[in-house]
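Throughout, protein chains are lettered first and strands after them, A, B, ... in sequence-line order, and every chain is numbered starting at 1.
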2 protein chains.
Amino acid sequence: MNDPDFSRRIRDAGGRVTAARLAVLRCLAEADEPLTPDEVLEHLARNSDHVPDRVTIYRAIDWLAVHGLVRRLATVGRAARYEPVEDREAHAHFQCRRCAQTRCLPAPTPPLPPLPSGYVAERVELVIHGLCAACRAGENE
Amino acid sequence: MNDPDFSRRIRDAGGRVTAARLAVLRCLAEADEPLTPDEVLEHLARNSDHVPDRVTIYRAIDWLAVHGLVRRLATVGRAARYEPVEDREAHAHFQCRRCAQTRCLPAPTPPLPPLPSGYVAERVELVIHGLCAACRAGENE
DNA sequence: GGTAAAAATGCAATAAAATGGCAAAAAGAC
DNA sequence: GTCTTTTTGCCATTTTATTGCATTTTTACC
Ligand SMILES: [Mn+2]
Ligand SMILES: [Mn+2]
Ligand SMILES: [Zn+2]
Ligand SMILES: [Zn+2]
């Protein structure tokens, strides 16, 4: 599956269309929640034919982020999480403090608050911290 | 300076009042922006008499966070950032993508959006990503 | 299709941030 | 001051990410 849209977006961003970039981008687009680089590697190891090196995944994600095809979320966990930048309006995320699950919420991002002079905003991010349904149910384990 | 209020809050939380906990809590309270554990260590190394071990700082911060005296922010950088939990209403933060400066904004946190059923929110966090005044000025360096 | 230049990759080494184990030290109750 | 429990310091280790460099892949051009 050599999705022509992914290829085009990479080419339009001025980069070379490589197996690693396509695989990473497709992986993030198919996931229904933001993934860590390691989770991307796991997914590719299970579902893909050619599995890129871990460093290549880091570099591919990084390139995609710098060129606006994916975005890195602010997280409380140790690992970074990424999601594809798509048509969908920017939205809020829920982060479970127990299992670190991060999931997209329907809520749109709130409006930009006033900033100190000279500061320029590029993105507004809303993070809800709490317990997911599963963790709440089994909290006393 | 053995601030009785900090001591009391630690004791009320059920812990022992130690030099490290007091120093870390005071450091975060005196800083005007959220700090990383390493920045706390630097501050203490410069301003304090007894400088705790790095691991002790991690453990003190962690204890303070678990007991609600400080809170950990969601960040895009690799290092965690903490700020004291004080009287002040929960507020938004600005994170500079170039220098990683994180600063408190006057804007209060927006209301909680609807969550999937079974999910419980404990905190709402608003993060503004962009460029700080200094980085914007010198962006082409 | 073949060739050359530029960009991307794999692999090993290294760095940054955080955590775990354990004996020694400090804190608090008496 | 003594005793018990908690905390600390030190060292080793883990997790996550980055860097250097030779090799491979991509793309532009013929
Ligand atoms: Mn999302
Ligand atoms: Mn703040
Ligand atoms: Zn959970
Ligand atoms: Zn800046």
Using a heavy-atom cut-off of under 4.0 Å over every strand shown, decide if B:Arg54 touches base, sugar-phosphate, or nothing.
->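 Counting heavy atoms under 4.0 Å across all strands, no contact is made by B:Arg54.
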
Just checking B:Ala60: base, sugar-phosphate only, or nothing, at a heavy-atom cut-off of under 4.0 Å?
->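 Since no nucleic acid heavy atom lies under 4.0 Å of B:Ala60, the category is nothing.
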
Test item: B:Tyr58 and B:Pro37 side chains (from C-beta on) under 4.5 Å apart, heavy atoms |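 Yes; the side chains approach each other to less than 4.5 Å.
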
Check whether any side-chain heavy atom of A:Val127 sits under 4.5 Å from a side-chain heavy atom of A:Thr102, and report yes or no.
->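 No, their side chains stay 4.5 Å or more apart.
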
Whole-Å distance between [N] [atom2] and [X] [atom1]?
{"X": "A:Arg81", "N": "D:dT16", "atom1": "CZ", "atom2": "C1'", "value": "13 Å"}
{"X": "B:Arg11", "N": "D:dT6", "atom1": "CZ", "atom2": "C1'", "value": "15 Å"}
{"X": "B:Glu42", "N": "C:dA16", "atom1": "CD", "atom2": "C1'", "value": "14 Å"}
{"X": "B:Leu35", "N": "C:dA17", "atom1": "CG", "atom2": "C1'", "value": "16 Å"}
{"X": "A:Asp62", "N": "C:dA7", "atom1": "CG", "atom2": "P", "value": "17 Å"}
{"X": "B:Leu22", "N": "D:dT6", "atom1": "CG", "atom2": "P", "value": "19 Å"}
{"X": "A:Ile57", "N": "C:dA8", "atom1": "CD1", "atom2": "P", "value": "16 Å"}
{"X": "B:Leu44", "N": "D:dT8", "atom1": "CG", "atom2": "C1'", "value": "15 Å"}

In terms of side-chain heavy atoms of [X], which of [options] is nearest?
{"X": "B:Arg59", "options": "D:dT16, C:dC11, C:dG20", "answer": "C:dG20"}
{"X": "B:Thr18", "options": "C:dA17, C:dA8, D:dT7", "answer": "D:dT7"}
{"X": "B:Val17", "options": "C:dG28, D:dC10, C:dA8", "answer": "C:dG28"}
{"X": "B:Val55", "options": "C:dT19, C:dT9, C:dA16", "answer": "C:dT19"}
{"X": "A:Pro37", "options": "C:dA18, D:dA17, C:dG10", "answer": "D:dA17"}
{"X": "B:Arg16", "options": "C:dA17, D:dG9, C:dA26", "answer": "C:dA26"}
{"X": "A:Pro52", "options": "D:dT6, C:dT19, C:dG10", "answer": "C:dG10"}

Residues B:Glu83 and B:Arg81 bridged, charged N to O under 4.0 Å =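 Not counted as a salt bridge, because no side-chain N and carboxylate O are separated by less than 4.0 Å.
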
Flag the pair A:Arg8 and A:Asp5 as a salt bridge only when some basic side-chain nitrogen lies within less than 4.0 angstrom of an acidic carboxylate oxygen.
->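 A:Asp5 and A:Arg8: salt-bridged.
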
Does B:Tyr58 put a side-chain nitrogen or oxygen below 4.0 Å from OP1 or OP2 of C:dT19?
->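 So the side-chain polar atoms of B:Tyr58 never come under 4.0 Å of the phosphate oxygens OP1 or OP2 of C:dT19.
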
So, is A:His50 close to the D:dT24 phosphate, meaning a side-chain N or O under 4.0 Å from OP1 or OP2?
->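 Indeed not, no polar side-chain atom of A:His50 lies that close.
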
If each of A:Ala20 and B:Ala80 is mapped to the nucleotide of DNA chain C with the nearest heavy atom, which maps nearer the 5' terminus, i.e. the 5' end?
->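 The residue closer to the strand's 5' end, by nearest nucleotide, is A:Ala20.
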
Sort out for me which residue in B:Val85, B:Leu64, B:Leu28 forms a side chain to side chain contact (heavy atoms under 4.5 Å, CB included) with B:Arg71.
->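 Option passing the side chain to side chain contact (heavy atoms under 4.5 Å, CB included) with B:Arg71: B:Val85.
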
Could you check B:Trp63 against A:Thr36 and say which one's nearest nucleotide on DNA chain D is further toward the 5' end?
->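 So the residue in question is B:Trp63.
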
On a plain distance test, is the side chain of A:Arg78 in donor-acceptor contact with the base of D:dT15 below 3.5 Å?
->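 Answer is yes: a donor-acceptor pair is held.
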
Over all heavy atoms of both residues, which pair between A:Leu35 and A:Glu39 is shortest? Give the atoms and the distance, please.
->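 Looking at all heavy atoms of both residues, the closest pair is CA-OE1, 3.2 Å.
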
